[in-house]
Every structure is written in C-alpha cells, then in structure tokens.
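Working notes, structure below.
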Amino acid sequence: NHLNIAIKEFLISTIQQLSFFQKISDRFINFFSPYVEINFSQYEDYQFNHAFSAIETYLGAKATDKAKHLRASQVRESKGLVLKRDETKVRDEYEGVNVWWEIETDSNGYRTFKLTFHRRSRDIVTDSYIQYVVEEGKSIEAKNKKMKLFTNNPSSQWESSKASLWRYIDFEHPANFETLAMDPKKKEEILSDLVAFSIGKEYYKKIGKAWKRGYLLYGPPGTGKSTMIAAMANLLNYSIYDLELTAIQNNSELRKLLTATSSKSIIVIEDIDCSLDLTGKRKKNESYSTSLRKDRGKSNAEDESFVTLSGLLNFIDGVWSACGQERIIVFTTNHLEKLDPALIRRGRMDMHIELSYCTFEAFKILAKNYLDLDSHPLFKKIESLMKETKIAPADVAENLMKKNREIDADGSLKDLIQALEKRKKVQRDQVDEHKDKKRNNIRNAFRMLF
Ligand SMILES: Nc1ncnc2c1ncn2[C@@H]1O[C@H](COP(=O)(O)OP(=O)(O)OP(=O)(O)O)[C@@H](O)[C@H]1O
Ligand SMILES: [Mg+2]
C-alpha cells in the first residue's frame, strides 16, 4: 500500500512537471492506478460552487496550527479523524480510510480541489465522507461567521449603486437569553422553539413548508423586545436585517429588499403599528403614543407610505415562502390591539410572545445580573410592591445600574423601592383621575338629560 502511494506520488511529481504530458499522465495514472480521483472546482457552470468553499474551510481548519489541538481531541473522542499536512497535499483519515486532498490553480486563477482515494474505499468516500466534509466545513463557516446588522437605505439612494439596498455594520450586541429578565418557563419555551427551528431542515422539508418562522413580540416600551431580538441573533448566529418601512415607497421596493436578504437571518420590522397604516381604522390625527421614546415622527411619513398591509401579507405568504430558506421574521409592537387580525393570524406569525412589565421572577434575574444577588432582605418588600405596580424591566435595570465604581446592592435596591413607591402613587392617582372623569361624565350626562 505504502509503496503504491509512493510510486503514485513519484509519477505525479515527475510527469506533471512536463505540462505537455499532463493529459497523458492523468490517463496513464487512471489506467494503472488503483486510485480514484474526484475534482471539485471553484466554479461550476459559471456559478460559485458552495461545496468548494466548504471544503476549503474544512481543510483550512484542519491544516492550521489549531489542528494539532483539534487532532488530539478528535483522537480522544475516537472519531478517527487524523490529518497530516505536507506542502501540497493534505492527508485525511475517515473511518479508517485514507484520502488525499490537493489544490490546483489553472491559468485563469480558478482553483480545483482534487480528492484521491483507493478504489476499494469508493463507497465510503462517495456515500458519506464528502458529505461529512462539506457539512463540517459549512458548520465551521457558520461558527466563524461575523454577525451583521443591516439597515435599509432610503430607496431614493438605490440608484447610485447596486449594492446599496442594505448597509451594514458588524453586529456585536451582548444580549443573551440568560440575562433576559422574563418568566423562566416562557423563556424556555421560546428557546426550544428557536432551537427546533434552527435544526429543523429535514422536518420542514418533510412537511412541505418553507423553512421560515415568524415571531410577534408585543408589550410596553422597555420590556425587552429589541433585547430579545439581539439575544435570538446571538443564540443562532444569525444576522439581523432591521427593515425600516418608512424609508421605502411601495410594495415592489419591499419585495426587492426582502429578496436581497441572506439565509440564516432575522428580518425585523419594529413598531409595526406605527410603520404602516395597517388597520385603516385609525383616524389620521389620532396620537397613538404619548411617550417621547416612541415619537419618531412616523405619523407624517405614514400618510405618503404606499407600503400596505396587503403588500406585506402577500409577501410573507407568496414570494417570500418561495425564495430562500432559514429566515426568521420578527414584528414588534407596543399595541397588539391595533394590529389587523390578518397580520397576526397563526401561520403567519407562528409564535406570539408577550413581554410584560417586570414580575418578581424577572426582577430576580436582573438582581443576579446587575448586583450578583440571589436573595436580600429587601426582596420581600420589592416583591409586594411589584405586584401592585407596573414597571418596565428597563426602568428596574436603570435603578440597579451601579452609580459609582463599586456595586452598592443596598443603595440600588433602596433606589428601586423608591422608584416603585413613586410609581405606585402616580398610577393610583391616574386611576383616581380616571374614576373622577368617569363620574363627571355620568354627572354631565344626567344634567343634559334632565
Ligand atoms: N426583559 C429584560 N431583561 C433584561 N433587560 C431588559 C429587559 N427589558 C429591558 N431591558 C433593558 O432595558 C433596555 C431597553 O430595552 P429594549 O430596548 O429591549 O425595550 P423594548 O421592549 O424594545 O422597548 P421599545 O418598545 O421602546 O422598543 C435594554 O437595553 C435592557 O438593558
Ligand atoms: Mg425596541
């Protein structure tokens, strides 16, 4: 066996130097040699060959210095993957079969991987080894992929260059599910849904459904909707496309943007109730949010916007389902009741996730994150206050943030209690005011009647 390889290598090195004999040498070897060769070129029929890049990643990962460590750990786990690298060839071993990889560059600069193995291992190589390499390479690619945050450019700027539909920056947000303050049971449910989706390729194929999933996040400001989206991206290693509907003119631009997204991505439309005139029920001058944070001047843009609910729905059901795979779409809103039922119908938005005011359970997660506390004498008081007061996790977090260099748990918790008590009073006054108003209205109505 070793002799065979040596002879073959000798033949290759001597004969290939004479490029005139190149063709003849291939035939010569193929005729006499017990070895089989498979080529993977960089381009197939003028299209980039994705298997090529996966193979390159796989071999690259094995051939770097890290491979030493990798090799050791692979052996320990007895997966039987041992790889040696000399100058031109990479030897790989898979289930006891030896294979050799070589790279060749043609005169145009296009590269080809040549895989050589013994005839008797043909089945194992073609049936499982190649698939293994490609999948391994793809998963390394996915792990190394830098996440990006895309935002759409205003369509008026699209003319200038083809690539400027979306612009992006590297996405580096520290949010994760562990630090997200919410009901642990609900969190678990969302997590397992996401994971099931991300590994569900075969399942979606089997049930004949496009490999996509929609989430609707709703709840008051500062309850963690945007944070959860970042946590989803970090969990799955997906990029985010933050779609600003008010920057586009019509449904066809919407289609262009969505078809230009890549797979393994989360497409986000924030504040869906403000971005579109979704219901048609809302009066033009109605102010739908008093909070300054929400006032993003959308009411004007909305009037000229020709992106319609039906356009969006058609897209989600139609073209969208047919093009690309492995995408998540997330809508967020502060006002679930304002959304058209057509938009939130099950099947379109697979999962509705409510992010609510801070509960004591959620508070405990924040206390752990911010103060490193599992329990504290003041927790009891906070628990009872939280039951009667609406406070967003963002506001709780603000009180728990350290104000100096040191973490001051007592001080922070006292600040929080103060904030809760203040809120409690305001909220009680609001309720009273509301009741007064109601009473007055009834009184006035009676006066008019009699
Ligand atoms: N559930 C939560 N767990 C942990 N931190 C939270 C949570 N909710 C809010 N926060 C903190 O508050 C900040 C604001 O939250 P976020 O932007 O996610 O709120 P939102 O629900 O998207 O609000 P809006 O409706 O105004 O967009 C975050 O940076 C985060 O630090
Ligand atoms: Mg948000």
Side-chain angles (χ1 to χ4, degrees), residues 50 53-54 57 61 137-155 157-158 161-182 187 190-191 193-200 211-219 221-248 254 256-272 275 293 296 320 323-333 349-351 353 355 365 369 393-394 397 401:
H50 288 278
S53 68
T57 311
K138 279 190 176 158
S139 94
I140 296 169
E141 274 172 7
K143 265 186 229 135
N144 296 343
K145 188 182 86 174
K146 263 211 151 155
M147 286 185 277
K148 297 194 178 88
L149 173 63
F150 294 85
T151 40
N152 51 316
N153 282 321
S155 54
Q157 293 173 13
W158 288 5
S161 125
K162 203 182 147 218
S164 65
L165 261 66
W166 297 97
R167 78 193 114 104
Y168 71 84
I169 51 168
D170 285 337
F171 174 76
E172 281 162 6
H173 195 294
N176 59 61
F177 273 92
E178 205 181 319
T179 56
L180 196 69
M182 65 183 297
K187 196 196 279 190
I190 298 163
L191 266 173
D193 194 89
L194 283 166
V195 172
F197 170 80
S198 73
I199 57 171
W211 192 10
K212 310 224 161 104
R213 198 145 179 90
Y215 297 93
L216 174 73
L217 309 186
Y218 65 97
T223 49
K225 297 180 291 299
S226 306
T227 311
M228 178 177 279
I229 295 169
M232 286 176 169
N234 282 330
L235 175 77
L236 303 175
N237 209 265
Y238 282 17
S239 288
I240 293 181
Y241 287 86
D242 188 7
L243 180 59
E244 178 59 59
L245 287 182
T246 52
I248 54 177
L254 174 69
K256 250 187 220 151
L257 276 171
L258 289 177
T259 41
T261 59
S262 66
S263 75
K264 285 186 189 293
S265 60
I266 303 179
I267 292 152
V268 180
I269 305 181
E270 291 250 33
D271 299 315
I272 185 100
S275 313
R293 272 181 79 195
R296 292 164 194 166
W320 165 253
C323 74
Q325 295 281 337
E326 250 188 305
R327 281 180 184 78
I328 288 175
I329 190 159
V330 180
F331 291 155
T332 77
T333 180
M349 288 294 117
D350 300 286
M351 199 174 184
I353 301 169
L355 287 137
I365 298 174
N369 294 345
M401 278 280 272

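Just so you know, these numbers use all the heavy atoms, side chains as well, and skip hydrogens, waters and symmetry mates.
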Given [X], which partner from the list [options] fulfils the side-chain contact (heavy atoms from CB on, under 4.5 Å) test?
X    : options                : result
I365 : E178, M182, K187       : K187
V330 : I266, L243, D242       : I266
N152 : L165, L258, L254, I248 : I248

Original post:
Is a donor on one side and an acceptor on the other found under 3.5 Å between the side chain of R213 and the backbone of D193?
Top reply: no
**OP:** List the steps, then state whether side-chain contact (heavy atoms from CB on, under 4.5 Å) holds for S198 with Y238.
**Re:** CA-CA 10 Å; S198 73; Y238 282 17; 4.1 Å; yes
If every non-hydrogen atom of [X] is compared with every non-hydrogen atom of [Y], which pair is closest and at what distance?
X    : Y    : result
K148 : S239 : N-OG, 3.1 Å
G219 : K225 : O-NZ, 3.0 Å
A175 : A230 : CB-CB, 3.8 Å

**OP:** Would you indicate whether the side-chain heavy atoms of I329 and K212 approach each other to under 4.5 Å?
**Re:** no
Can you tell me how far the [atom1] atom of [X] sits from the [atom2] atom of [Y], to the nearest 0.5 Å?
X    : Y    : atom1 : atom2 : answer
L355 : I190 : CG    : CD1   : 6.5 Å
I199 : L236 : CD1   : CG    : 10.5 Å
I328 : I240 : CD1   : CD1   : 10.0 Å
L180 : M228 : CG    : CE    : 5.0 Å
Y215 : F197 : OH    : CZ    : 7.0 Å
M232 : L194 : CE    : CG    : 5.0 Å

Subject >> With sequence neighbours excluded, residues passing salt bridge (Lys or Arg N to Asp or Glu O under 4.0 Å) with K264 >> reply: E326
Original post:
Relative to the ring of W166, is the ring of Y241 parallel (under 30°), tilted (30 to 60°) or perpendicular (over 60°)?
Top reply: perpendicular
Subject >> Any side-chain donor near an acceptor of the partner, S226 and E270, under 3.5 Å >> reply: yes
Subject >> L217 and T223: CA distance, side-chain angles, deciding distance, side-chain contact (heavy atoms from CB on, under 4.5 Å) verdict >> reply: CA-CA 10 Å; L217 309 186; T223 49; over 6 Å; no
Subject >> K138 NZ: over 12 foreign heavy atoms closer than 6.0 Å >> reply: no
Subject >> Verdict with reasoning, F171 to F150, per side-chain contact (heavy atoms from CB on, under 4.5 Å) >> reply: CA-CA 9 Å; F171 174 76; F150 294 85; over 6 Å; no
**OP:** Would you sort out whether N234 and F177 count as a side-chain contact (heavy atoms from CB on, under 4.5 Å), showing the intermediate values?
**Re:** CA-CA 9 Å; N234 282 330; F177 273 92; over 6 Å; no
